[in-house]
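Down below is the structure, laid out as structure tokens.
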Amino acid sequence: SSDLIVDHYALRSFGLEEFGPGSLSVDGFGIVHIAGGAFTSALGNSFAVTPNAISNGYGYGPSFLARIDFSAKEEFAPACMVNGASFDSLNVSVAPGQILSMFGTGLGPTDGLAAQPDSNGVYPRQLGDTRIRIGDTDLPLLYVSDSQVNAVVPYSLSTGPIASGTSVTIEHGSFSASYPLQYIWPTWPGIFTQGGFGSSQVAALNQDGSINTADQPATVGSVVSFFATGLGHLTAPFPDDATTPLSPPWPGIAENFGVYMGAAGMEVLYAGPAPGMPPGVYRVDGRVPDATLSGKTSIRLVMGGCD
């Protein structure tokens, strides 16, 4: 007997349109055994089952046998992939010049490792026995840990539909998992905030180099700088894996875009890779419009219909 209850509808959260548990039992070691079927061929892609325990002989769809040990620590389980600034879910698409964050379990070492560029400013493509690649291209890594990995999508990545079967693949030791990709968007903008995900304060610098806060506001007509990722191709070839030099020349952003402070458009003085920062970090310098009201206001970056 067991007090574990399997809810037919709750199990739809695994991504199955319809799921039918046929029987359930718990053995003396606390291992749960579930047998059943589904009305969709997605079974096996969305719901973890015992290897080679799927057949099409259940009558109305694939049948399965799952053996689940809730006491065991999961060694490797990627859970989601998001924009590293906005934390928007990337689903099946990415964009050039985008820092992506992957979350899960067993993705890297227990003690997190921040990547250190070499003497030429180049970031590693393998760190702590972890790699991420798109197709056959290894991505520069910025951080790896057991629960999170940050990587950079190359500036030079071609946009548009991609070949069937192309994936974002993460490897750690002998474990690997893949996210299918269908499209490379020209841009997928995300603005960094001071407090990370959920913070309303943009990571911005005032013209005098101070951090923009309520106590240190920008003045009308002054220049503010903010930082973003996923702004797409550049106007000239540029290293995909290196720190942006502190001194010009720097390429600009190839895609058309607009920056708004509140409802007013900003005069953009610079937009491109952020000097002294890792690849995938862009800096935008804009002048505070004369019509801007005092107090808290919003900054919007609009590119190709995305903001």
Side-chain angles (χ1 to χ4, degrees), residues 80-102 123 125 132-142 150-170 178-193 197 202-203 225-244 249-261 265-275 277-286 298-307:
C80 65
M81 186 172 68
V82 300
N83 182 298
S86 65
F87 278 47
D88 289 334
S89 174
L90 298 182
N91 295 322
V92 292
S93 303
V94 295
Q98 181 179 65
I99 295 176
L100 62 84
S101 296
M102 192 175 291
Y123 281 81
R125 296 176 187 258
I132 295 182
R133 65 179 185 271
I134 293 178
D136 297 325
T137 301
D138 288 331
L139 305 188
L141 298 175
L142 303 179
N150 297 336
V152 183
V153 180
Y155 294 117
S156 57
L157 189 67
S158 298
T159 60
I162 58 179
S164 177
T166 302
S167 300
V168 176
T169 301
I170 180 169
S178 297
Y179 292 82
L181 284 180
Q182 297 178 358
Y183 203 87
I184 306 297
W185 291 103
T187 65
W188 195 309
I191 298 176
F192 290 101
T193 55
F197 175 62
V202 171
S225 302
F226 65 92
F227 302 87
T229 192
L231 306 193
H233 290 149
L234 303 175
T235 55
F238 203 68
D240 289 322
D241 56 2
T243 303
T244 301
W250 305 298
I253 297 173
E255 298 292 330
N256 293 325
F257 68 98
V259 183
Y260 297 85
M261 180 169 281
M266 297 183 72
E267 176 191 3
V268 176
L269 304 179
Y270 172 77
M277 300 292 284
V281 180
Y282 298 73
R283 192 185 82 193
V284 178
D285 299 342
S298 62
I299 286 183
R300 290 193 302 123
L301 178 60
V302 179
M303 308 188 70
C306 296
D307 65 325

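The model shown is predicted, which means the values in this text are computed figures rather than measured ones.
Under the rule for a salt bridge (charged side-chain N to carboxylate O under 4.0 Å, His left out), Asp240 has no partner lying at least two apart in sequence or in another chain. Residues forming a side chain to side chain contact (heavy atoms under 4.5 Å, CB included) with Ser101 (at least two apart in sequence, or on another chain): Val82, Phe103, Gln148, Asn150. Taking Asp241 as the reference, Val122, Arg125, Pro140, Pro239 meet the side chain to side chain contact (heavy atoms under 4.5 Å, CB included) condition, with sequence neighbours excluded. Looking at residues two or more places apart in sequence or on another chain, you find a side chain to side chain donor-acceptor pair (under 3.5 Å) between Thr169 and Ser178. Tyr123 pairs by the ring pair (Phe, Tyr, Trp, His ring centres under 6.0 Å) definition with nothing, not counting sequence neighbours. Taking the side chain to side chain contact (heavy atoms under 4.5 Å, CB included) definition, one finds that Pro96 meets it with Leu157, Thr159, Ile184, His233, sequence neighbours left out. Legend: residues meeting ring pair (Phe, Tyr, Trp, His ring centres under 6.0 Å) with Phe192, ordered by chain and number and at least two apart, are absent. By the side chain to side chain contact (heavy atoms under 4.5 Å, CB included) test, Ala228 is found to be paired with Ile191, Leu231, Leu301, residues two or more places apart in sequence or in another chain being considered. Evaluation of the side chain to side chain donor-acceptor pair (under 3.5 Å) rule for Thr166 yields no partner, not counting sequence neighbours. With sequence neighbours excluded, no residue satisfies side chain to side chain donor-acceptor pair (under 3.5 Å) with Trp250. Applying the side chain to side chain donor-acceptor pair (under 3.5 Å) test to Gln182 and every residue at least two apart in sequence or in another chain returns nothing.
Rounding to the nearest 0.5 Å gives a distance of 8.0 Å between OG of Ser89 and CE of Met81. Of the inter-residue distances, the one linking Leu142 atom CG with Leu100 atom CG reads 9.0 Å to the nearest 0.5 angstrom. For the atom pair CG (Leu139) and CE (Met102), the distance works out to 8.5 Å, reported to the nearest 0.5 Å. Distance OG1/Thr244 to CZ/Arg283: 10.0 Å, rounded to 0.5 Å. We find the CD-CG distance between Glu255 and Leu234 to be 10.5 Å, quoted to the nearest 0.5 Å.
Here the side chain of Ser93 pairs no donor or acceptor atom with the backbone of Trp185 at under 3.5 angstrom. Of the possible polar contacts, none joining the Asn83 side chain to the Gly230 backbone as a donor-acceptor pair under 3.5 Å is found. In terms of modelled atom types and a separation under 3.5 Å, the side chain of Tyr155 and the main chain of Gly280 share a donor-acceptor contact.
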Stepwise side chain to side chain contact (heavy atoms under 4.5 Å, CB included) check, Met266 with Val284: CA-CA 11 Å; Met266 297 183 72; Val284 178; over 6 Å; no
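Here the side chains of Val259 and Phe226 are in contact, with some heavy-atom distance below 4.5 Å. A heavy-atom distance below 4.5 Å is not found between the side chains of Phe257 and Pro189.
Nearest heavy-atom pair, Ser86 versus Gly190, reported as atom, atom and distance to 0.1 Å: CB-CA, 4.1 Å. Listed here is the closest heavy atom pair of Pro279 and Val152: O-CG2, 3.4 Å. Among all heavy-atom pairs drawn from Pro251 and Pro273, the shortest one is O-CD, 3.3 Å.
Sparse packing is recorded around OH of Tyr260, with 12 or fewer heavy atoms of other residues, nucleotides or ligands lying under 6.0 Å away.
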